[in-house]
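The structure displayed is predicted, hence computed values, not measured ones. Order of the sequence lines sets the chain letters (A, B, ...), proteins ahead of strands, with each chain counted from 1.
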There are 2 protein chains.
Amino acid sequence: MAVTIRDVAKAAGVSTAAVSKVLHGRGNSVRVSDVRAGQIREIAEQLNYRPNVLARNLRTQRTHTVGLIFENFGSFAAGPLYYMHLLEGVGSVLFKNHYRLTILPELLHDDILGSLGDGQLEGVVWCKLTRDAQTLQLIHDCPIPIVAMNAPAPAEPTDAVFVACDNASGVRLAVEHLAKLGHRKIAFAHEIQELTSPDCLERRDAFHASAKELMGQEPNPADVLAWDWHLPEFAGWWKSDPGYTAIICWSERTAGTLINRATEAGLKLPEDLSIVGFDSTAYCETTTPRLTSVSQPISEMARYATNTLLNLIQGKRPENFSLTFPCGLDVRDSTTCPPPTGPLGPVSSE
Amino acid sequence: MAVTIRDVAKAAGVSTAAVSKVLHGRGNSVRVSDVRAGQIREIAEQLNYRPNVLARNLRTQRTHTVGLIFENFGSFAAGPLYYMHLLEGVGSVLFKNHYRLTILPELLHDDILGSLGDGQLEGVVWCKLTRDAQTLQLIHDCPIPIVAMNAPAPAEPTDAVFVACDNASGVRLAVEHLAKLGHRKIAFAHEIQELTSPDCLERRDAFHASAKELMGQEPNPADVLAWDWHLPEFAGWWKSDPGYTAIICWSERTAGTLINRATEAGLKLPEDLSIVGFDSTAYCETTTPRLTSVSQPISEMARYATNTLLNLIQGKRPENFSLTFPCGLDVRDSTTCPPPTGPLGPVSSE
DNA sequence: CAACGTTGATAAATCCGTTAATCGGATCAA
DNA sequence: TTGATCCGATTAACGGATTTATCAACGTTG
């Protein structure tokens, strides 16, 4: 059995209160002389005493632990580096503040309150929180503070803090960039409909709006490639209306795969087709051509979200219950002027 | 203040033992009639009672929580998908077994025993554990079971379980593949020396051995490109001895970057230069050309490691204290026969 | 000398769920 | 009738650290 504070107290001939005070600095009205303190420290060292954090947590009702919820842990490894940056950002702030980080599974709605209200977590960073009534209720009932990341803030303010990037202006930057290069008909690509996230939908809507505003392109269903990743699907869409000279992708991964398929289909990039991604991590440097991408300050957002959560835990009311980070545009090699000969005709599907 | 088991007991007019039994099924010698049980459940529901896990953990001395240590959390987001697969594998097994997952920071050696011995964790998956004397001592002193991943097992058996892939035979597969394609002089690339991991060194040694065995290539310092990721560095190395027709990279990321730099340097891939990576995740599908890569069953290894850890926690002695998973080779488009005109001469560095 | 403050330290309550020990009473077999 | 067993339930100790309340002893001050 492990050495307890009582063992140390007994061995040193003092009370547990004294040991607690000396070793952990806890207890206000407890005073210990320097001599005693030295003895206690020595005995503790000899006995190899390690405080039981479970007991401390129970007593103090604090755990110094924060949870992180991914909306899709199961398909976690499919996406490129977005989640890693997120995790790195959250983790680094927590660790610096001597907090622990617990990864939570995708929770069934029934379980969530049980998991968040069992005393083990002091707060939660919730990635891609959805905005349905059930979730809003949950936010209301949740006994610990929540910071939502990459989730659009609901109309009515809640107790949760929402941190997101400005999808609309990010997409606008991409459209603007393409318009300046001379493009006049562009498309938007995301994975098949069932998997789309709130972020993705926001970006798609912004695409329609910006394309209309900046290049007079009327919204058209064909403008959106909802895609299963496979070559025939891409080739089919391309053949159906080959007038596009550029594609904006909702994410890095979509863009990376599209680069690959387009190349396989015989297109020369970026001369035949310009491609823009979204996220701009190190991944963009490793595609061929290197991927022009809307940049989202993921790591910074994660750090901000986590710091805000730590403040909430300490009872500090945040200045903003919703903060939107601006996006940038990292121009790399996957975008250029449209083909001088005009948009390309159909290409082979194999 | 939160509702406690005592509140429920009082409201239902029964003892806390009865409530504990009914709601959590704990306590052997406690018996409750169905009628009472129903009442208790109803009251608990009404009061919105949620058990305090801290108290339970303290009493039972169990937390159902496992820790995961990355050796380099700080540079976590730099590598491609390896860590995500690892995390996904560990997490999925834990969640299925109703365990929680805590990510631990890079620990100073002083802190480690404190963190692992404070009662909060029942076991640890330790990624890329090193094999120095200090660590072996730590394994010995650690009060909870450890499973090491992607770490070579020490000569003397320890209490920890070691799970790794067969780096040597993996590299051999790559060399064999290249030899069959007709290559006779190949190189090995990894990031700059200071950042190399045990895994990387094992692979490099295996490269020398296999190249000698399978194509009679005598080990030569120039065979190894220890690289800072930048184009001039690559171009410089290439110019210094342009006789190589293929490069095996220690990791996916190295390979991806190499593909990019080689393309920038004007090489045509794979015709001018064949490239093989190591890990074979979805990332390999998004490079151009798609990356031929040694495959390591990361997810499977992570699952095995985690299951083994859960068994250890339950006191089951594992069958093997060291398990090596075989590697495979996923041939994609980045490897082909060497140039028929013989190895290429120097190429431009910009 | 009384009143008061300070130092050094302890006892005991507390956090909240778990569980071994126990108990009254009913049932049943010998 | 006695003893054994089972049912339904409670009591109280327990896990290990924290913290409030309290106290003795001693010194200071007016």
- Item | Length of the line joining A/K21:NZ and C/dA11:C1', which is rounded to integer Å | 18 Å

- B/P51 or A/T16, whichever maps to the more 5' nucleotide of DNA chain C: A/T16

- Given D/dA17, D/dA13, C/dC15, the nucleotide with the shortest approach to the side chain of A/Q61: C/dC15

- Given atom CD of B/Q39 and atom C1' of D/dA9, what is their separation to the nearest angstrom? 13 Å

- Item | Flag if over 12 foreign heavy atoms under 6.0 Å of CD, B/Q314 | yes

- Check against side chain to side chain donor-acceptor pair (under 3.5 Å), B/T135 and B/D132: CA-CA 5 Å; B/T135 307; B/D132 51 294; 2.8 Å; yes

- Where the side chain of B/R31 is defined as all heavy atoms beyond and including C-beta, which of D/dG8, C/dT19, D/dT18 is the nearest nucleotide? D/dG8

- Are OP1 or OP2 of C/dA9 and a side-chain N or O of A/S33 less than 4.0 angstrom apart? yes

- Starting from C1' on D/dG15, measure out to CG on B/L58 and report it in whole angstrom. 4 Å

- Task: Specify the separation, in whole Å, of atom CG of B/L23 and atom P of C/dT19.
- Result: 15 Å

- Between the first and last five pairs of the helix from C/dC1-D/dG30 to C/dA30-D/dT1, the angle of the axes, rounded to 10 degrees: 60°

- Among B/T102, B/I313, B/L68, B/V66, whose side-chain contact (heavy atoms from CB on, under 4.5 Å) with B/L121 holds? B/T102

- Message: Whether A/R100 and B/D118 form a salt bridge (side-chain N of Lys/Arg under 4.0 Å from carboxylate O of Asp/Glu) is what I want to check.
- Response: yes

- Phosphate oxygens OP1/OP2 of D/dT19: is one of them under 4.0 Å from a side-chain N or O of A/S20? no

- Message: Counting only heavy atoms from other residues, nucleotides and ligands, does the tally under 6.0 Å from CD of B/Q46 exceed 12?
- Response: yes

- If you check every side-chain atom of A/T60, which of D/dT18, C/dT19, D/dT20 has the closest atom? D/dT18

- Task: Could you check A/L94 against A/L310 for side chain to side chain contact (heavy atoms under 4.5 Å, CB included), going step by step and ending with a plain yes or no?
- Result: CA-CA 8 Å; A/L94 289 181; A/L310 293 183; 4.0 Å; yes

- Query: Between B/S15 and D/dT10, is there a side-chain N or O to OP1/OP2 distance below 4.0 Å?
  - Reply: yes

- Note on the structure: Whichever of A/A17 and B/V53 has the more 5' nearest nucleotide on DNA chain C, that residue is A/A17

- A/R59 CZ to C/dT14 C1', straight-line distance once rounded to whole Å: 4 Å

- Task: Ignoring backbone atoms, establish whether B/Y49 has a side-chain N or O less than 4.0 Å from OP1 or OP2 of C/dG17.
- Result: yes

- Return the value, rounded to whole Å, for the distance between atom CG of B/N57 and atom P of D/dA17. 15 Å

- May I have the distance from A/R56 (atom CZ) to C/dC16 (atom C1'), rounded to whole angstrom? 18 Å

- Indicate the ring-plane relationship of B/F325 and B/Y304, choosing parallel, tilted or perpendicular according to the 30° and 60° boundaries. perpendicular

- Task: Please state how far atom CG in A/D7 lies from atom C1' in D/dG15, giving the value in whole angstrom units.
- Result: 13 Å

- Taking the side chain of B/I5 as heavy atoms from C-beta outward, which of C/dT18, D/dG16, D/dT20 is closest to it? C/dT18

- Message: Any side-chain N or O of A/R36 below 4.0 angstrom from OP1/OP2 of C/dG8?
- Response: no

- Name the nucleic acid region contacted by A/V14, choosing base, sugar-phosphate or nothing; use a 4.0 angstrom heavy-atom cut-off, strictly under. sugar-phosphate

- Message: From the set D/dT18, D/dG16, C/dT10, return the single nucleotide nearest to any side-chain atom of A/H24.
- Response: D/dT18

- Go through the steps for B/Y82 and B/T281 under the test side chain to side chain contact (heavy atoms under 4.5 Å, CB included), then give the verdict. CA-CA 7 Å; B/Y82 170 86; B/T281 69; 5.7 Å; no

